[in-house]
Amino acid sequence: MLSYLRIITLLIIVPTVMSCQSPSEELPSSAIESKIDSLIRLMTIEEKVNMIHASSAFTGGGVERLGIPELITSDGPHGVRHEHGRDWAKDENVYDSSTYLPTGTALAATWNTELGYKFGTVLGSEANFRGKDIILGPGFNIIRSPLNGRNFEYLTEDPYLNSRLVVGYIKGVQEHDVAACAKHYIANTYEYEREYVDVKMDERTMREIYLPAYISAVQEGEVLAVMAAYNKFNGTYCAHSKYLLDDILKGELGFEGLVMSDWNAVKGTEAAYVGMDLEMGTDLAIGTEDYGKFHMGDTVVGLVEEGKLDESILDDKVRRILRVMFQINKFGDRKKGQYNTPEHQRTAREIANESITLLKNQDVLPLKKELNKLAVIGGNATWKHAGAGGSSQVKAYYEITPLEGIENTLAESTEIVFSPGYGIGKNGQATDEMIAEAVANVSSADAAIYIGGWVRGYTDEWDDNVFDAENVDKPDMFLPFGQDKLINAILKANPNTIIVIMGGGPTDMRAWESNAKGIVQAWYPGMEGGNAIAAVLFGDVNPSGKLPMTFPAKLEDSPAHSISSYPNENLLIDHKEGIFVGYRHFDTREIEPMFPFGHGLSYTSFEYSDLAISRNEGQVTVSLQVSNTGSVQGGEVVQLYVKDMESSLERPEQELKEFSKLFIEPGASVMVEFKLDSSAFKYFKEGEGWILEPGDFEIRVGSSSRDIRLKEILTL
Ligand code: BGC
């Protein structure tokens, strides 16, 4: 009888969140904080601890008694992942095939911040529709090595481009009452032994290269969640790091949202003492579904009860999780998302169109549509990529392959002959017979297109992830499946064959680059990728993609590999190259890349003129005119680099400080204006902070990092 009475009392007096919540959109943050205070006051230690670790494969625990539901997360960066049951099993009986957007490096190749925002809105809307609270993206680890298996998910080697793209993405997601999750904090730049490697890095490198995009994500994007990386950073796991989580992220940057771990990144109870708020994916519960076994589970209850862990630390974690729930209106009138709409597909197409990067064109592109016979060669012409690659798998609503895109573009009167040329799979190869068939086809055709490159997996099963995939790095930069031999054979038979490479990053092209007249980098261009590739090849879309990372001629030229800083036998990744990542290394050390950072050709030509620089109250204004001097409309990315002419600390040859993507009609001109504040000229010195050293700076404006069209000295 007594317990019956107690239940009744609880039901009457406990103000559950669900029952009394008005839309929190209208609530000032002080009102949210006081609601959180009252909830925390009502919670037992067990209930609090239940909220700071997972309650299933992808949820954080709730408190049913108080009407606090579980927090529902989902991968990933370029589409809402398929449903998992409460364990890892795929839930087969649900409608979970979603919009598959181009992957990170493709988005970055657009150099279009508005598209970053549009990308985010598609993801946010679809995640909301699927009932998700947090989408586990954007992923924006700096691209340091061409071998990192996850480069395709990330964006760029440059901290400024990184910063600009993440802000729109985050805002786009969060507009739909879904939290974005900035990952992986920080410097998780290899997949090899990613859970155990120790990244050694000096403070300058962290602040100039690896931290800027987090600052923008937090302070401009107002990101609600951050995922701590697997790796150690200067000896301490990122997920356990007081320095990274408390001092930098929550302290200096003022981050007020929640920090979650990567899956199985918390390795001990130490994490509970620092700014790790939500432990996810720890292996300890596998097979038992007993999430109390997590490092931040039952043990933490004991520690708080024994006074060994201050309850205020626990309260702060709970507060941050609840804050995110309030911010996404989980308790109020949440916006309604949409799923697989034509508009979402149009966005996927628009991003793909602008991402495709024309690397080389010796008067062979665009192709004429009036063809009697077209030969299409290469495994990627018919391969679908969405379902593989690890946590970024997307069960695509549809995925147009390049061959389908070409078929959609050409009239039926054109005969299209396709031969794969090589097989994709564990033992996939370009056999002599396959090469002979491809050679015969290109020899007898009016035009020939090769669509090859990399894959993210042989099937959509985790075990078959390869090359551009989670948990593995590429063995080298050479095309797999014997493609070099095949490409050379078809180029010999038909020197005008267009070479299209799909993949997340650079390829060693030395075996055939000088024989090819037309080379296109098509990335992983999403569900509309095939249509976009065809549109670029046949001139319906004028290419405007630019490389967001340097394409080295060979692996050894790239900074991490030139100093052998791949994880050594002690799993130490010593960032000996410091700030000289990407073009900062190639330009300063005068190494000729295969294709430089920021490179990408167009079917029209642009002229740069009238550079003018002025200073006003600590701000520098740079203006110039860009004219389309060709005969078709085109998109150009105007890039502004700053070179410090003399510095007491070694600085890179040049650094990207601004850019703008413009679409200009033939014969038309536009004025571009950039505003630079003092941060564009500073460097970081350990012990002293950001320093502006007076002197001469060269302002360089151009079409790529190695195609500077205008420059002028500015004295500060
Ligand atoms: C990945 C994360 C991902 C998580 C959940 C981890 O293996 O590193 O990026 O969000 O799994 O799938």
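For the single chain, residues carry numbers from 1 onward in sequence order. Order of listing sets the numbers, starting from 1, for every ligand and every atom in it.
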- Task: Would you confirm whether W111, through its side chain, and K546, through its main-chain N or O, come within 3.5 Å as a donor-acceptor pair?
- Result: yes
- Query: Counting only N and O atoms by type, is there a donor-acceptor contact under 3.5 Å from the side chain of R144 to the main-chain atoms of G582?
  - Reply: no
- Task: Consider only side-chain N and O atoms of Y154 and H184, and report whether a donor and an acceptor are under 3.5 Å apart.
- Result: yes
- Message: Tell me if a side-chain donor or acceptor on N188 pairs with a main-chain N or O of N231 at a distance below 3.5 Å.
- Response: no
- Message: So does I573 get a backbone contact from the side chain of K576, meaning a donor-acceptor N/O pair under 3.5 Å?
- Response: no
- Within the distance-only criterion (no hydrogens, no angle test), does the side chain of Q219 pair as donor or acceptor with the backbone N or O of L253 below 3.5 angstrom? yes
- Contact set, ligand 1, heavy-atom distance under 4.0 Å, ordered by chain/number, equals F58, D75, R81, L136, R150, K183, H184, R194, M227, Y230, D262, W263, S391, E470
